Amino acid sequence: MAAKQQVVSIDIGSSSVKAVHLEQSAIEGEELVIRRVSVAEYPARQVGGIPESEENQARGSITEAIKSIQIPKKASVVLSISRSLLTTRQLEGLPIEGLNNPAQLDNIVNFQAEEVFPFRLDEIVFDHYKAEEKANSLSVELVAARRSDVAQLLAPLKTLNLTPKAVMPSMIAVSALTYQSASTEGQSPVNQPSISPERNYRMIVDIGAGWTDLFIVQSNVRPPAGVVFSRSFSLGGDHLTSLLQNQADNQDTSVSAGDPTSSLEAFSETTPTGQSGSSGQSSTTFETAEAKKQTLVIPSFKGRTIPDITENSEGAIGAWCQRLEVELRRSISAFQRDQSLRGDEKDTGVEILPDQIWLTGGSSRISGLAEHLTNALSIPTMTWDLPATLQTHGISFGSDLLDISDQVAIAVGQGIYYLREADSDLPVDDLNLLPRAEIQQIQRVDQQRRLMVRVAAGIAIVSLLAVGAISWGQYQ
């Protein structure tokens, strides 16, 4: 029977740990299977920034959540790192020889990284990908994370004696899920129309509890381009919960009719901790406000420049939606500037815009959000139908995915990439932010394991030969 490769892909978020157990048979043509998905809420919920005195409690909550996932012993583990923890830089004009000489390219990139990152190199973990030939030279994209942030992600896993094979930036997961392979090109998930051939851009907005990660992908081109733009901003479901919490305490976070930007100012004074910048302890618990948020329906503001402040909840929803709209518009503008500077788009006189916006993440399930953004931005917006995407790629899954599919897209995507990274059609190169010391330790353990297997096999062969010789001697 052919061996099966297994991986557990883990995504550690602000409020929960998401894990997906995937399995790929070694038999060519066998489909990839999602065996189990899990979302484990932290026993001790930490909202907003975690004080240093409470870091051990927060780490303990994450550890308990990971423990509840029940990771199979034979499975490899891969860990995601959020876009909010990453810094990216583009390196241009590198020697073209590096395209066919990875070792030389690594040396060149390591030398130039010190000049482009605003950190000392011993403070960060970095890697590069997207090596592209441009005008007889080479360009790559650098991705870096603070070493302390990576160590904090690894800490709860180490408590459980788990060392991930890779720490993957979240853009890898998005690229692996949204690319169209040759076998699926032209197909489209249910209720999700194909990207128009004129621009080919789709915006993925992953709205978490504390942060939103945004990606723009160009997936139905040859070769696949994957993520062509990404950024992160400090806005999530916890911020809306805090606004609702403050309004329940009769705190003024409403919008002035004469100043539609005042909602953003009020928002900036409100921290996702259940308190505003100038108030004392809130009398309404965060949990109460969170429960209220789950029942909210975002009203349509179409035809109005500002929300109706006579409705108490509309003030909070309006402030949060306006901030989200502003950040999405900023992202589109930054993407347009980026494409213009890189010269990736011909000047046709037509503004470059995403054809669609797909929402994912736990906070994307706020009722009415997709419809509101469609009206506000004039770009078709919908909740990402992850099950339909998986069906398009021939990946099977169980019913446990259906209710939590909006929370596990990143974990699913990076698991798929890890099992299929040998597939040259994938739109990203190998990108790993696991510290080099950890990688070397994994390599040593793997070498020792292979050596032990060979020794055991050798002993078994010698034993069989000895038994055979003894039996032959007795026969004679």
Side-chain angles (χ1 to χ4, degrees), residues 10-14 49-56 58-59 62-63 66 76-95 97-98 101-131 138-173 210-211 213 227 230-234 414 418 421 428-448:
I10 298 177
D11 176 21
I12 299 177
S14 301
I50 300 174
E52 187 174 348
S53 60
E54 298 179 10
E55 281 188 1
N56 288 336
R59 185 181 301 171
I62 296 172
T63 302
I66 295 173
S76 300
V77 174
V78 292
L79 181 65
S80 73
I81 182 167
S82 169
R83 179 63 179 83
S84 63
L85 299 177
L86 303 177
T87 300
T88 61
R89 292 290 187 273
Q90 192 76 16
L91 279 183
E92 305 276 359
L94 303 180
E97 293 78 14
N101 191 332
Q104 181 183 5
L105 180 59
D106 286 344
N107 291 333
I108 296 171
V109 169
N110 291 342
F111 179 76
Q112 296 203 13
E114 195 166 7
E115 299 179 8
V116 299
F117 283 127
F119 316 105
R120 288 170 36 192
L121 291 189
D122 60 354
E123 296 177 344
I124 62 175
V125 181
F126 68 93
D127 201 354
H128 63 87
Y129 75 128
K130 285 189 177 180
L138 198 61
S139 72
V140 299
E141 185 164 328
L142 287 173
V143 181
R146 287 184 179 273
R147 194 172 293 272
S148 57
D149 289 335
V150 176
Q152 190 171 358
L153 279 175
L154 293 174
L157 293 177
K158 287 189 173 183
T159 302
L160 300 173
N161 295 319
L162 294 172
T163 300
K165 296 284 188 180
V167 175
M168 296 185 181
S170 51
M171 59 271 281
I172 281 188
W211 288 81
D213 288 351
V227 174
S230 65
R231 69 179 289 254
S232 185
F233 47 90
S234 178
Q414 74 175 3
Y418 180 81
E421 62 182 343
V428 291
D429 304 309
D430 187 24
L431 187 58
N432 187 1
L433 295 184
L434 188 66
R436 188 171 300 276
E438 304 284 351
I439 294 175
Q440 291 172 344
Q441 176 63 24
I442 291 173
Q443 291 172 343
R444 283 194 295 268
V445 171
D446 286 345
Q447 288 172 355
Q448 291 173 356

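Index from 1, following the sequence. Small disclaimer: the values here were computed from a predicted structure and weren't measured. Hydrogens, waters and symmetry mates are skipped; everything else that's a heavy atom, side chains included, is used.
- Counting all heavy atoms, side chain and backbone alike, Leu142 lies closest to Val116 at CD1-CG2, 3.7 Å.
- Interatomic distance, Glu123 CD to Asp149 CG, rounded to the nearest 0.5 Å: 11.5 Å.
- The heavy-atom pair separating Pro156 from Thr63 by the smallest distance is CB-OG1, 3.4 Å.
- Atom CG of Leu79 and atom CE of Met168 lie 10.0 Å apart (nearest 0.5 Å).
- Annotation for Pro164 and Leu434: closest pair O-CD2, 3.4 Å, computed over non-hydrogen atoms.
- Here Ser76 contributes atom OG and Tyr418 contributes atom OH; the two are 3.5 Å apart, rounded to the nearest 0.5 Å.
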Assess the residue pair Leu154 and Val167 against the criterion (side chain to side chain contact (heavy atoms under 4.5 Å, CB included)); give the C-alpha distance rounded to whole Å, side-chain angles, the decisive distance to 0.1 Å, and a yes or no.
CA-CA 9 Å; Leu154 293 174; Val167 175; 4.2 Å; yes
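- Separation of atoms CG (Leu162) and CD1 (Ile66) is listed at 7.5 Å; rounding is to 0.5 Å.
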Quick one: side chains of residues 103-113, donor-acceptor pairs under 3.5 Å with protein atoms, not counting sequence neighbours, listed by atom name and distance.
from: Asp106; atom 1: OD1; to: His128; atom 2: NE2; distance (Å): 2.7
from: Asn107; atom 1: ND2; to: Ala103; atom 2: O; distance (Å): 3.4
from: Asn110; atom 1: ND2; to: Asp106; atom 2: O; distance (Å): 3.2

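- Contacts of Arg231 classified as salt bridge (charged side-chain N to carboxylate O under 4.0 Å, His left out), with partners at least two apart in sequence or in another chain: Glu327.
- By the side chain to side chain donor-acceptor pair (under 3.5 Å) test, Ser230 is found to be paired with Arg83, residues two or more places apart in sequence or in another chain being considered.
- In terms of heavy-atom proximity, Ser232 sits nearest to Ser84 at OG-CB, 3.1 Å.
- Taken from CZ in Arg147 to CD in Gln152, the straight-line distance is 15.0 Å, to the nearest 0.5 Å.
- None of Asn432, Ile172, Val143, Val140 except one satisfies the side chain to side chain contact (heavy atoms under 4.5 Å, CB included) rule with Tyr129; the exception is Val143.
- In terms of modelled atom types and a separation under 3.5 Å, the side chain of Asp127 and the main chain of Leu433 share no donor-acceptor contact.
- The two residues Leu138 and Ala131 make their nearest non-hydrogen contact at CD1-C, 4.3 Å.
- Heavy-atom minimum distance, Leu86 versus Met171: CD1-SD, 4.1 Å.
- In this structure, the side chain to side chain donor-acceptor pair (under 3.5 Å) partners of Asp11, at least two apart in sequence or on a different chain, are Ser80.
- For the pair Leu157 and Ile10, the minimum side-chain heavy-atom distance is below 4.5 Å.
- With sequence neighbours excluded, the residues forming a side chain to side chain donor-acceptor pair (under 3.5 Å) with Asp122 are Arg120, listed by chain and number.
- Residue Arg146 qualifies as open at atom CZ: its count of foreign heavy atoms under 6.0 Å is 12 or below.
- The structure places OG1 of Thr163 at 6.5 Å from NZ of Lys158, a figure rounded to the nearest 0.5 Å.
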